[in-house]
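Below: the structure, in structure tokens.
In what follows, every heavy atom counts, from backbone to side chain, and hydrogens, waters and symmetry copies are set aside.
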Amino acid sequence: MVEVVNVVASGSLGIDLDLEAVAKEARDIANFNPNKYPGMYLRFEEDAPLITVYRTGKFIITGSDSEEESYSLRERFLNLFSDMDVIEEPEDEWFSIQNYVCTAELRQNLNLTALSIGLGLEKIEYEPEQFPGLIYRPEGADGVVLLFATGKVIITGCQTLEAAEDIFADLTETVSELL
DNA sequence: TATTAGTTCACTTATATACATGACGACT
DNA sequence: AGTCGTCATGTATATAAGTGAACTAATA
């Protein structure tokens with residue numbers, strides 16, 4: 001079973017913004033230090049997902065743990081900017097999910113060195129002295145898998161949850177054939 | 001050779017995973 | 001003073017975004 005732990009989504013309002021003015025008006029939830037980074041950070045509550053807004057009107061939502069949460073945050077963001085008269089209508093030009101980060105478990109300990117050969121050396125990177133996880137790039141898939149000796153797995157880089165689930169299903173089958 | 005143009009990269013944010021190292025407080 | 005547990009940081013992965021710096025390439 002694949003569990004989503006982080007979703008990255010991006011969108012565009014289609015208009016340029018005066019971040020200085022917006023940050024001043026929304027100072028309770030905004031954080032803007034153009035000397036440090038050009039984006040303005042918006043967080044509705046502590047530990048809530050982060051919205052990064054740019055001068056160009058483009059924005060990124062990070063830290064959601066479901067597609068639904070990303071979309072509801074987008075709604076809240078658009079409503080806020082509409083109420084503040086930053087935008088005329090609570091609408092964006094476009095919005096889409098860019099990356100799903102998921103965790104999963106193979107429920108068995110793994111010999112990563114042996115698995116390196118089994119998965120195909122050309123598709124993996126494994127340098128335990130640099131990082132304890134094995135990095136696996138399945139052929140033809142847009143996601144990347146990190147495998148750990150405990151059997152825990154990270155799947156990242158997918159634009160849909162289905163793609164991540166497919167990768168995990170294939171991985172489960174491949175690993176069971178190898179062991 | 002000097003100037004300009006174009007490309008590429010690090011920066012930042014979230015998040016799980018794990019392994020090493022260093023710092024720090026508490027306890028013996 | 002020595003040991004122990006806890007905590008932080010850095011290592012690596014994906015992805016969007018804007019900015020500045022570093023770099024390469026081309027033209028005058």
Side-chain angles (χ1 to χ4, degrees), chain A residues 1-20 22-23 29-74 77 92-113 115-116 119 123-138 141-168 171 175:
Chain A
M1 196 58 205
V2 167
E3 187 190 349
V4 179
V5 294
N6 182 26
V7 178
V8 181
S10 63
S12 176
L13 300 173
I15 54 153
D16 281 18
L17 305 172
D18 180 351
L19 295 182
E20 199 76 52
V22 176
I29 57 164
N31 202 305
F32 182 46
N33 293 94
N35 299 326
K36 195 177 173 224
Y37 189 70
M40 173 187 69
Y41 300 122
L42 279 182
R43 204 189 301 264
F44 288 113
E45 286 104 22
E46 202 174 338
D47 297 320
L50 180 75
I51 305 174
T52 311
V53 188
Y54 298 89
R55 178 190 55 77
T56 57
K58 292 185 179 172
F59 61 97
I60 303 171
I61 301 178
T62 54
S64 306
D65 49 26
S66 69
E67 178 180 336
E68 291 71 29
E69 194 182 9
S70 292
Y71 276 85
S72 70
L73 242 108
R74 166 215 193 186
F77 166 64
D92 48 20
E93 204 171 60
W94 54 269
F95 182 78
S96 60
I97 305 291
Q98 300 294 347
N99 181 26
Y100 279 91
V101 184
C102 307
T103 58
E105 285 188 40
L106 288 169
R107 292 160 47 213
Q108 58 183 312
N109 290 336
L110 305 172
N111 179 335
L112 297 180
T113 306
L115 205 56
S116 295
L119 291 171
K123 297 175 211 150
I124 68 100
E125 283 172 54
Y126 181 45
E127 290 175 58
E129 290 184 6
Q130 192 177 21
F131 187 71
L134 183 157
I135 296 143
Y136 171 48
R137 295 168 198 274
D142 62 349
V144 173
V145 181
L146 285 80
L147 292 144
F148 297 90
T150 56
K152 292 197 177 178
V153 174
I154 308 280
I155 303 158
T156 185
C158 295
Q159 296 207 332
T160 64
L161 179 54
E162 291 70 34
E165 284 169 341
D166 287 348
I167 286 173
F168 185 62
L171 178 73
V175 170

How long is the straight-line distance from [atom2] of [Y] back to [atom1] of [X], given to the nearest 0.5 Å?
{"X": "A:Leu115", "Y": "A:Leu171", "atom1": "CG", "atom2": "CG", "result": "7.5 Å"}
{"X": "A:Thr150", "Y": "A:Glu105", "atom1": "OG1", "atom2": "CD", "result": "7.5 Å"}
{"X": "A:Arg74", "Y": "A:Ile51", "atom1": "CZ", "atom2": "CD1", "result": "11.5 Å"}
{"X": "A:Leu50", "Y": "A:Leu42", "atom1": "CG", "atom2": "CG", "result": "8.0 Å"}
{"X": "A:Leu19", "Y": "A:Thr56", "atom1": "CG", "atom2": "OG1", "result": "8.5 Å"}

N/O-N/O pairs, protein side and nucleotides 8-12 of chain B side, under 3.5 Å:
{"unit_1": "B:dT12", "atom_1": "O3'", "unit_2": "A:Tyr41", "atom_2": "OH", "d": "3.4"}
{"unit_1": "B:dT12", "atom_1": "O2", "unit_2": "A:Tyr37", "atom_2": "OH", "d": "3.1"}

With [X], which residues qualify under side-chain contact (heavy atoms from CB on, under 4.5 Å), at least two apart?
{"X": "A:Glu3", "result": "A:Thr103"}
{"X": "A:Gln159", "result": "A:Gln98, A:Asp142"}
{"X": "A:Ala104", "result": "A:Val2, A:Val153, A:Phe168"}

Excluding sequence neighbours, so at least two apart, what forms ring pair (Phe, Tyr, Trp, His ring centres under 6.0 Å) with A:Tyr136?
none
Rounded distance in Å - [atom1] ([X]) to [atom2] ([N]):
{"X": "A:Leu17", "N": "C:dA17", "atom1": "CG", "atom2": "C1'", "value": "13 Å"}
{"X": "A:Leu50", "N": "C:dT15", "atom1": "CG", "atom2": "C1'", "value": "14 Å"}
{"X": "A:Gln98", "N": "B:dA14", "atom1": "CD", "atom2": "C1'", "value": "14 Å"}
{"X": "A:Glu127", "N": "B:dA20", "atom1": "CD", "atom2": "C1'", "value": "16 Å"}
{"X": "A:Leu147", "N": "B:dC19", "atom1": "CG", "atom2": "P", "value": "13 Å"}
{"X": "A:Phe44", "N": "B:dA14", "atom1": "CZ", "atom2": "C1'", "value": "17 Å"}
{"X": "A:Asn99", "N": "C:dA17", "atom1": "CG", "atom2": "C1'", "value": "14 Å"}
{"X": "A:Leu134", "N": "B:dA16", "atom1": "CG", "atom2": "P", "value": "21 Å"}

Mark yes when over 12 heavy atoms from residues, nucleotides or ligands other than A:Glu129 sit less than 6.0 Å from its CD; otherwise mark no.
no
What residues 67-74 of chain A contributes to the DNA chain C interface at heavy-atom separation below 4.0 Å is none
Near DNA chain C, counting only heavy atoms under 4.0 Å, which residues of residues 55-63 of chain A show up?
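Here the set is A:Arg55, A:Thr56, A:Lys58, A:Ile60.
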Please work out if A:Thr150 contacts a base, only the sugar-phosphate, or nothing of the nucleic acid, heavy-atom cut-off 4.0 Å.
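Sugar-phosphate only.
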What contact category does A:Thr52 fall into here, base, sugar-phosphate, or nothing, at under 4.0 angstrom with non-hydrogen atoms?
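No contact.
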What I'd like to find out is whether the side chain of [X] reaches to under 4.5 Å of the side chain of [Y], using heavy atoms alone.
{"X": "A:Leu134", "Y": "A:Leu110", "result": "no"}
{"X": "A:Asp92", "Y": "A:Phe77", "result": "no"}
{"X": "A:Met40", "Y": "A:Val22", "result": "yes"}
{"X": "A:Tyr126", "Y": "A:Leu147", "result": "no"}
{"X": "A:Pro49", "Y": "A:Phe44", "result": "no"}
{"X": "A:Ile60", "Y": "A:Tyr54", "result": "yes"}

Residues passing the side-chain hydrogen bond (donor to acceptor under 3.5 Å, both in side chains) test with A:Asp65, sequence neighbours excluded, are none
Does anything in residues 154-166 of chain A pair up under salt bridge (charged side-chain N to carboxylate O under 4.0 Å, His left out), and if so which pairs, sequence neighbours excluded?
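The answer is none; no pair qualifies.
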Name the residue from A:Leu161, A:Ile97, A:Val7 that meets the side-chain contact (heavy atoms from CB on, under 4.5 Å) definition with A:Glu67.
A:Ile97
Which sits closer to the 5' end of DNA chain B, A:Ala149 or A:Asp47, going by the nucleotide each is nearest to?
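Whichever sits nearer the 5' end wins; that is A:Asp47.
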Identify all pairs in which a protein N or O lies below 3.5 Å from an N or O of nucleotides 5-13 of chain C, and state each distance.
{"unit_1": "C:dA12", "atom_1": "OP1", "unit_2": "A:Gln130", "atom_2": "NE2", "d": "2.8"}

Below 4.0 angstrom, which residues in residues 2-16 of chain A have at least one non-hydrogen atom near DNA chain B?
A:Val5, A:Asn6, A:Val8
Compute the angle between the rotation axes at the two ends of the helix from B:dT1-C:dA28 to B:dT28-C:dA1, each taken over five pairs, rounded to 10 degrees.
60°
